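Note: hydrogens, waters and symmetry copies are ignored here, and every other heavy atom, side chains too, is used. All figures in this text were calculated on a predicted structure; none of them were measured in a lab. The chain is numbered in sequence order, starting from 1.
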Amino acid sequence: MRRAALIGALAAALLASAAPPAAADSWRERVASARDFAEDRRGRVAFAFVDERGRLRGGLDTRERFHSASLVKAMLLVAYLDRGSVRGRALSEGEEELLGEMTRRSGNRAATRVRSVVTNAGLRRVARRARMRDFATAGSWGSSIVTAADQARFFFRVDRLAPRRHRVFARAQLAGIARSQRWGVGQAVPDGWTAYFKGAWRPEGDARLVHQGALLRRRGTRVALAVLTDGQPWHGYGTLTVRGIARRLLRDGPPEP
């Protein structure tokens with residue numbers, strides 16, 4: 001009996017040593033893992049994460065400033081839908097096509113047309129409603145200034161910032177990103193979750209820029225993240241940077257309480 005008890009105790013000890021510690025799957029551990037990965041990547045890399053309770057859980061250089069490039073198109077979408085002349089009525093076919101071209105296919109001409117309507121004042125209004133701290137407009141929409149913390153806060157509430165009448169439309173645009181642009185977060189979505197996201201890239205010259213911001217939802221749970229990079233050696237390298245951070249944060253969804 002004593003020998004059997006000893007063997008049982010030894011087996012239990014071995015199993016306990018092989019199991020991951022209870023805190024290994026906490027948000028703190030996930031953010032630390034993503035930070036370690038990000039710090040080994042080339043160029044400038046920043047990210048921020050908002051948990052299911054709406055709390056900013058940190059990241060890396062969360063208030064480092066970057067040019068937005070196409071990431072600001074998600075803000076342009078919300079700004080257009082929230083216009084006083086739009087929020088209470090149905091969108092026309094032409095408006096739906098314009099906003100879809102800008103968001104799903106990341107059309108620059110469409111974005112310029114939308115910005116001419118909402119103006120920088122409309123973008124600043126969205127930033128205030130999303131509680132951004134560092135956002136700044138510029139002469140061109142792609143030169144707007146963004147931070148990872150601000151974009152994570154924005155994407156956590158992106159659909160709720162749209163008027164109730166247009167929330168389903170806004171979600172459809174951000175969930176329906178063109179297949180060729182579904183890199184990064186789009187390749188790290190846990191089973192059963194839906195990603196609403198927007199990417200940005202600027203491959204010209206030496207400062208190759210790759211960004212992504214995303215809201216992930218499953219039933220009543222939501223989390224959000226933003227990854228901003230600049231000075232990437234090539235576009236594919238930047239997309240791998242975004243995907244690596246997203247996978248370390250998301251894994252199979254939020255950790256158990």
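Expressed to the nearest 0.5 Å, how far CG of L60 lies from CG of D36 amounts to 10.0 Å. Atom CZ in F155 sits 5.0 Å away from atom CG in L71 (nearest 0.5 Å). Atoms OG1 and CG, on T241 and L228 in that order, are 12.0 Å from each other to the nearest 0.5 Å. One finds the OG1 atom of T103 at 14.5 Å from the OH atom of Y196 (value rounded to the nearest 0.5 Å). Atom CG of L77 and atom NE2 of H166 lie 10.5 Å apart (nearest 0.5 Å). The CZ atom of F169 sits 5.0 Å away from atom CG of L99, with the distance rounded to the nearest 0.5 Å.
Looking only at distances, a side-chain donor or acceptor of R202 sits under 3.5 Å from a matching main-chain atom of G142. For the pair Q151 (side chain) and F47 (backbone), a donor-acceptor distance under 3.5 Å is absent. Using a distance-only test at 3.5 Å, with no hydrogens or angles considered, a donor-acceptor pair links the side chain of S68 to the main chain of W141. Judged purely by atom type and a 3.5 angstrom limit, S33 has no side-chain atom pairing as donor or acceptor with the backbone of R30. Judged purely by atom type and a 3.5 angstrom limit, D61 has no side-chain atom pairing as donor or acceptor with the backbone of A46. Looking at T239, its side chain does come within 3.5 Å of a backbone N or O of G236 through a donor-acceptor pair. Between the side chain of R218 and the backbone N or O of W193 there is no donor-acceptor pair closer than 3.5 Å. In this structure, the side chain of R124 does not engage the main chain of T137 through any donor-acceptor pair within 3.5 Å. The main-chain N or O of H67 is found under 3.5 Å from a side-chain atom of H211 such that the two form a donor-acceptor pair.
Relative to the six-membered ring of Y237, R208 misses at least one condition, a distance below 6.0 Å or an angle of at most 45° to the axis. Cation-pi geometry between R248 and F37 is satisfied (NZ or CZ under 6.0 Å from the ring centre, within 45° of the ring normal).
Looking at R243 and W183, their side chains never come closer than 4.5 Å, going by heavy atoms from C-beta outward.
Under 3.5 Å, the side chains of E52 and W27 contain a donor-acceptor pair of N or O atoms. In this model, a donor atom of one side chain and an acceptor atom of the other lie less than 3.5 Å apart for S106 and K73. No donor-acceptor contact under 3.5 angstrom links the side chains of E64 and T147, judged on distance only. Defined by atom type and a distance below 3.5 Å, a donor-acceptor pair is missing between the side-chain atoms of W201 and S70.
Between S144 and V72, the shortest heavy-atom distance links the atoms OG-CG2, 4.1 Å. In terms of heavy-atom proximity, Q181 sits nearest to F197 at O-CE1, 3.9 Å. The minimum heavy-atom distance between A224 and A152, with the atom names listed, is CB-O, 3.6 Å. For R247 against Q187, the heavy-atom pair with the smallest separation is NH2-O, 3.5 Å.
With sequence neighbours excluded, the residues forming a salt bridge (charged side-chain N to carboxylate O under 4.0 Å, His left out) with R89 are E95, listed by chain and number.
A salt bridge links R65 to D134: one of the charged nitrogens lies within less than 4.0 Å of a carboxylate oxygen. Using a cutoff of 4.0 Å between basic side-chain nitrogens and carboxylate oxygens, R129 and D82 are scored as salt-bridged. Using a cut-off of 4.0 Å between Lys/Arg side-chain N and Asp/Glu carboxylate O, R44 and D230 are scored as salt-bridged.
Counting non-hydrogen atoms of neighbouring residues, nucleotides and ligands closer than 6.0 angstrom, the CD atom of E39 exceeds 12 such neighbours. A 6.0 Å sphere centred on CZ of R182 holds more than 12 heavy atoms belonging to other residues, nucleotides or ligands. Atom CZ of R83 is surrounded by more than 12 heavy atoms from other residues, nucleotides or ligands within 6.0 Å.
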Give the C-alpha distance, both sets of side-chain angles, the deciding distance and a yes or no for side-chain hydrogen bond (donor to acceptor under 3.5 Å, both in side chains) between T194 and R217. CA-CA 5 Å; T194 301; R217 295 174 69 236; over 6 Å; no
Give the intermediate values and the outcome of side-chain contact (heavy atoms from CB on, under 4.5 Å) for residues V118 and L76. CA-CA 7 Å; V118 304; L76 286 170; 3.7 Å; yes
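Screening R164, R171, R167 for a side-chain hydrogen bond (donor to acceptor under 3.5 Å, both in side chains) with D159, the sole residue that qualifies is R171.
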